[in-house]
Chemist: 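If you scroll down you'll find the structure; I have some questions about it.
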Amino acid sequence: MQLNPQQQAAVECTEGPLLIIAGAGSGKTRVLTQRIAYLITEKQVNPWNILAITFTNKAAGEMRDRVDQLADVNGGSVWVSTFHSTCVRILRRFIDRLGYDTNFTIYDTDDQKHVIKDIIKQMNLDTRMYKDRALLSAISSAKNELISPEEYQLSAAGDWNKQTISKVYSAYQRMLKQNNALDFDDLLMKTVELFQSQPDVLDSYQERFRYLMVDEYQDTNTAQFVLVQLLAKKYRNLCVVGDDDQSIYRFRGANIRNILDFEKSFPEAKVIKLEQNYRSTQNILNAANAVIANNRGRKKKTLWSDRDEGELVHFRQFMNAFEEAEYVAGDIRAKVREGAEYSDFAVLYRTNAQSRLFEEKFLMANIPYRLVGGLNFYSRKEIKDLLAYLKTIDNARDDLAVRRIINVPKRGIGAASLNKAADYAEAQGISLYEAMRRADEVPGLARAAAKLKGFTQYIDSLRAMVGILSVEELLNKVIDQTGYVRELEAEDTEESRARIENIDELITKVVTYEENAEQSSLNGFLADVALVADIDMEDEDTNKVLLMTLHSAKGLEFPNVYLTGMEDGIFPSYMTITSDDVMELEEERRLCYVGITRAMNDLVMTSCKTRMIRGETQYNKVSRFVHEIPRELVDLGRDSLPERKKEREIQKNNVWKKAVQDFRKPAAYSQTMFDKPVLTKGSSLMGASGAPDYEVGDTVRHIKFGTGMVLNIVKGAKDYEVTVDFEKYGVKKMFAAFAKLQKI
DNA sequence: CTCCTTTGTCTTTTT
DNA sequence: GACAAAGGAG
């Protein structure tokens, strides 16, 4: 395929700063890869001098492959990776200048939580006032803005709450350093710190990366922005690609101003807009444009396509999430019968929790699927345990890993002995592991001393073999000698078998790593593992339906897309509706825009009238985003309803009528649209119309009166009056809304 | 010291 | 409703 004039211009504009505003589906990945190839083959740039930063490892891998094909060089020498992986590679070489060991451990969210909990305990903070999540997010925001603990403390003057956070931040940072560990945010911040304090290091990387490219630039945060600035300062050959309409990571510190103000930071910058969309039908594109048009503060652009109109955007509303999932499963089945592949479909939702019902239905309908996100492979217990062994072998200063495995398998070492060792470690200023190694010196340890020493001797013996044995051999030794798998085999439950499968999978991953890595090492493997996103593990060739959040779907495309849970309170989320910050709703709308533009040919949006959330039934209105799509682009599906049982049919028709009514309302800005979703306590099974779901003759349960039979239901002015004959309390009359009777 | 039960919290999104 | 953390019994 030929490049269009704008794309061509973007490829050939190699010198100086360049901003490419690339609308969804405008072929930016092609432009980026062509540009790299052009630099190498036409401009004779050494591949070694090019750095391309992408959002996910998967995207990086794909780009590297495509460069390989285009430019007749070893694309491996072009450095293509994510911000975080790039930073790890740099820090592995130079972080000793900042007082860390170069074999530092990378802490994931779970590890961070443990650390922060420890600190909360140590500082005797009121856990009601200071939640670990809140504290971690405050620390994370600070780091994303490159605010050090010291600077944070200065800014906290006069604010008691901020002062406490500041103390926690400092303690947290101290603890990480003691454990020779960095968290995700540290990777960026420490790299910036390194560049700012070590001019020679910065200079060597500036010389090395003379041509910089940053993809998904709209999602960079301040730390990433500064990092890029530093690297680009010398040669100014910086090309950033992004779409302000697809900025969806504000909660993670992404600053949309980075892209909007690019021309301010680089006044000589050229700007190229890519507005032709090669992905979606005109109808889908029009729907997306109509939705995003409601946002203010964006760079004006209009996507167009020379594809034909295509199908209307489909919208369906259901009584509950079960029916929603059933419909999606049925629809996929039907389309597969007509020749579609499973891999043509993606089911997208706002929160991970929504995936469960789809999984269940797909399982029942025999639809192969893959769930992206949710519980990460590497956060499963058995995987974390084994990785903790490897981490301990690799970096004995990581107390967290040591604590995790000290009693896995059971070694009869309890909290008491461990605390004694920890106290001693603190007093001596050594790591927990070191204290255990010297267990004889620790006061108060009687029999436990031998056990602790036994553990460290075992780990030490393994450490002696690092570099001699491969990572795979090392892992197998751990599995074998600890009896980890044997224990699971003995358990012989469905769960334990699944765990064993996961462990086998881990071994496979080790082998794959060792085969692919330029120079494999235990340390390198652990870093790799810490930085993979779930989406990275998706291989293209499996024929499966993909289930994932809207966030995970960024950058992907599918012939058929289901946008599910299109309800006010779900999407846009309750948090953003109630927030008084308009920016939050705008970000949510961008997320919707991302969702719509994933679809190539067919887009189905679904919503439910009722939905169970955390054990509560919610009644939600149709998402305001659905109303923002012009009516003439939407099919409400009256004629295409699948054949069902008679009563279902009637119910469906009512739903459809309601859907039509909703559409006739003046959409987004009518007062009712801003009503909060109705929450009801408990699991009342009231229909959405207010009618009870039970009938005369049904047996029901009342919270106080127990079970009884419904004698009569009379519709009153506001509610239904129900007469029930209870087994123990006799005949009672009550209002349905209050009684919360459950049909049995 | 370990196992089991109870209690509390949570939900937006993730490298 | 689900899962982790804390508390109590053996």
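Throughout, protein chains are lettered first and strands after them, A, B, ... in sequence-line order, and every chain is numbered starting at 1.
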Chemist: Centres of the A/Tyr249 and A/Phe55 rings: under 6.0 Å?
Modeler: yes
Chemist: Pick the nucleotide of DNA chain B nearest each of A/Ser573 and A/Gln112; which residue has the one closer to the 5' end?
Modeler: A/Ser573
Chemist: Can A/Tyr513 and A/Asp528 be counted as having a side-chain donor-acceptor contact under 3.5 angstrom?
Modeler: no
Chemist: Using 30° and 60° as the class boundaries, would you call the ring planes of A/Phe251 and A/His551 parallel, tilted or perpendicular?
Modeler: perpendicular
Chemist: So what does the secondary structure string of DNA chain B come out as, 5' to 3', with Watson-Crick or wobble pairs under 3.5 angstrom, [ ] for crossing and | for pairs with another strand?
Modeler: ||||||||||.....
Chemist: Under 3.5 Å between N/O atoms: give me all the protein pairs with nucleotides 1-9 of chain B, atom names plus distance.
Modeler:
residue: B/dC1; atom: OP1; partner: A/Gly414; partner atom: N; Å: 2.6
residue: B/dT2; atom: OP2; partner: A/Asn407; partner atom: ND2; Å: 3.2

Chemist: By nearest nucleotide on DNA chain B, pick out whichever of A/Ile613 and A/Arg252 is the more 5' one.
Modeler: A/Ile613
Chemist: Mind checking the P distance from B/dT13 to C/dA4? Whole angstroms is fine.
Modeler: 16 Å
Chemist: Does B/dT13 have A/Tyr249 stacked on its base, where the ring centres are within less than 5.5 Å and the planes differ by under 30°?
Modeler: no
Chemist: Counting primed atoms plus P, OP1 and OP2 as sugar-phosphate and everything else as base, spell out the protein contacts along nucleotides 3-10 of chain C at 4.0 Å heavy-atom distance: B, S or - for each nucleotide, 5' to 3'.
Modeler: --S-----
Chemist: Indicate, with a heavy-atom threshold strictly under 4.0 Å, whether A/Asp185 touches base, sugar-phosphate, or nothing.
Modeler: nothing
Chemist: May I ask you to check whether A/Tyr369 and A/Glu359 show a side-chain donor-acceptor distance below 3.5 Å?
Modeler: yes
Chemist: State, to 0.1 Å, how close A/Lys420 and A/Val442 come at their nearest heavy-atom pair, and which atoms those are.
Modeler: O-CG1, 3.8 Å
